[in-house]
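See structure below.
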Amino acid sequence: MIVDARTDAIAADIETDLCIVGGGTAGILLAREFIGQPVQVCLLESGGLTPEPETQDLTRGENVGQPYFPLDTARPRVFGGSGTRWNIPIGGDRLGVRVRPFDPIDFEKRDWVPYSGWPFGRSHLEPFYQRAQAICGVEPASYAVNDWAKERRPLSLPNQDVETIIYKFARVERFVREYPDEVARANNITVCLHSNVLEIETNAAGDCVVRLRASTLEGKKFSVRAKTYVLAAGGIEIPRVLLLSNRTQKNGLGNEHDLVGRFFMEHPHFWAGMLVLAKPEQLVSTALYNEIHSVNGVAVVGKLALTERTLRKEKLLNQNVQLIPRFISPPSARPNSVGLKSARALFAVASDGKKANGWSKHLWNIATDFDSIVVAGAHKIGRTLRGRTRLAAFSFATMMEQVPNPESRVTLSRELDAFGQNRVQLNWKIIPQDIRSAVRTLQIIGGEMEQAGLGQFQPELSGEIPPPNTEGGYHHMGTTRMATNPKMGVVDENCRVHGVGNLFIAGPSVFPTVGYANPVLTIIALTVRLADHLRGFLS
Ligand SMILES: Cc1cc2nc3c(=O)[nH]c(=O)nc-3n(C[C@H](O)[C@H](O)[C@H](O)COP(=O)(O)OP(=O)(O)OC[C@H]3O[C@@H](n4cnc5c(N)ncnc54)[C@H](O)[C@@H]3O)c2cc1C
């Protein structure tokens, strides 16, 4: 059932078994796991069914680190959450969202990645990844290249350093219409819209949540009491709500070791170089990488990444490269090039049979600016012979893992929102190790493509931090990281907040490290795993 807290009659003190905060991907899919079960679920969602400016304004905040999307554009506050913004065309009139599991190495403690290591390995998560694939409708679960590269072949690369990886696309419709509808129809689930959770109240010892305080923007206040609470409000809002809940623990709930909000990670996205193809027709033979296409009804695309062996050997972070086909003009001569002017001057006097003034200066200009003359010549010859001057190339669009960094963090800003609560401040940091790793990864991938005779690689990364035009992917990860040791993480291996018996977290804020894969498939795998755990806990 769906109720609107603004207009429908709701109890001032709602009692339920399971209270979920946030109706995005994690919150909706967690509720869905309880459909028809002997458990009463109350899902509190700040937004309504469509975006509203007053509600969206609650997400405004300050960016004080690496330039980032304005925070009120980075996390839609509406039923459906960030999923309402997924928009990749995948054929027909369908939209898709990229899905891929993390690699086994992403879960490991790696001596070259500080703070790395999940409490469990990929094999533990495997059955949950299988269930996540079914939820996404991208089965079979395999990501083996040969299962998906049927007619479009992967590149044959000479060394064992670089491999083709497969990305799949799940249909957005499932997440923003079908699953929310299923949840809304369930008799044992109540979705409360326009219900902003303002504070988590605990007992005096701070080890058990006793109720959540919520309000509509119009000032209608109510509370929810449950046996178990799950925060699924996204990787920026979850630390904010914990930090704001400081009635019994002055540094915020779950923050005994000052970890809430730290280790904020994104997947930095940037343009990293270009491969000018030896033969334009290679654009056709590399179609696996160039176009999202359907294989047995599942939309897929290929990308390149380093093999696990190379990541270990070179001690690098995980990263992938998408090949974006384009046609480029070769560099043209600078019109005011001194060398070109001198060449023209000498050519003019030679054709007139006159004596050139300052010929030694002209010769010097020609010698020192010879490149411009060669480029101009090549340009002219190319135009004459081929009638066009465009080269086929791949731009390398890359996205990468970041080193977990406690200084990259979400804190409370001094600015207040419409409820008089502190907004967030985000200090996203990218560190030299991140960029050194990116530069080396690109050298290896570009180098191997050159060795395969595909063309000539032109790197575009100079080591500058951050690389120009760096963006995130709206992936808000790490801010309530998972660790068995409470001094190393906010939640334990079951996503329970350390020290608080009945408070759990769902979503990407629990990731201790983030590989390069987009987060949704891992969010779903962890969410169904959490549902299994809570079923035991609630019965
Ligand atoms: C444009 C875009 C494209 C993306 N593309 C991809 C992709 O291709 N692949 C991929 O893996 N990931 C992608 N992502 C990232 C992905 O969408 C998110 O990582 C994921 O949806 C996070 O899910 P969530 O449930 O944790 O949070 P959200 O989906 O953000 O949901 C949080 C919910 O909590 C509610 N809420 C917040 N605060 C409160 C409060 N105080 N009280 C009550 N409710 C509250 C919000 O209104 C929202 O509905 C993309 C994101 C965007 C924006």
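For ligands, and for the atoms within them, numbers begin at 1 and follow the listed sequence. Computed from a prediction, not measured in an experiment: that's the story for all the values here. Only this structure's heavy atoms are used, side chains among them; waters, hydrogens and symmetry mates stay out.
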Next item on the list: For Thr248, enumerate each residue passing the side chain to side chain donor-acceptor pair (under 3.5 Å) test, keeping only those at least two apart in sequence or located in another chain.
Entry: Thr202
Notebook entry, point to check: Would the Phe69 and Tyr474 ring centres measure less than 6.0 Å apart?
Noted result: yes
Item checked: Ligand-side contact atoms (ligand 1) for residue partner Arg85, heavy atom cut-off under 4.0 Å -> 1 (C)
Note to self: Going by side chain to side chain donor-acceptor pair (under 3.5 Å), name the residues that satisfy it together with Ser82, two or more places apart in sequence or in a different chain.
What the structure shows: none
Check: Nearest to atom 25 (O) of ligand 1, what protein heavy atom do you find, and at what distance?
Finding: Ala26 N, 2.9 Å
Check: Side chain, backbone, both or neither: which part of Val197 comes within less than 4.0 Å of ligand 1 when only heavy atoms are counted?
Finding: both
Check: Any idea which part of Ala232 is under 4.0 Å from ligand 1, heavy-atom wise: side chain, backbone, both or neither?
Finding: backbone
Check: Closest non-hydrogen protein atom to atom 3 (C) of ligand 1, residue and atom name please, with distance?
Finding: Trp86 CD1, 3.6 Å
Margin query: If we set the cut-off at 4.0 Å for heavy atoms, which region of His475 has an atom near ligand 1: side chain, backbone, both, or neither?
Written below: side chain
Notebook entry, point to check: Between Tyr516 and Phe102, is the gap from one ring center to the other below 6.0 Å?
Noted result: no
Next item on the list: Specify the protein heavy atom at minimum distance from atom 2 (C) of ligand 1: its residue, its atom name, and the distance to 0.1 Å.
Entry: Tyr474 CD1, 3.7 Å
Item checked: Within-cut-off N or O pair, Val78 and ligand 1, under 3.5 Å -> yes
Next item on the list: If you have a sec, work out which protein heavy atom is nearest atom 47 (O) of ligand 1 and how many Å separate them, to one decimal?
Entry: Glu45 OE2, 2.6 Å
Margin query: Between ligand 1 and Ser195, can you find any atom pair, the residue atom being a heavy atom, that is separated by under 4.0 Å?
Written below: yes
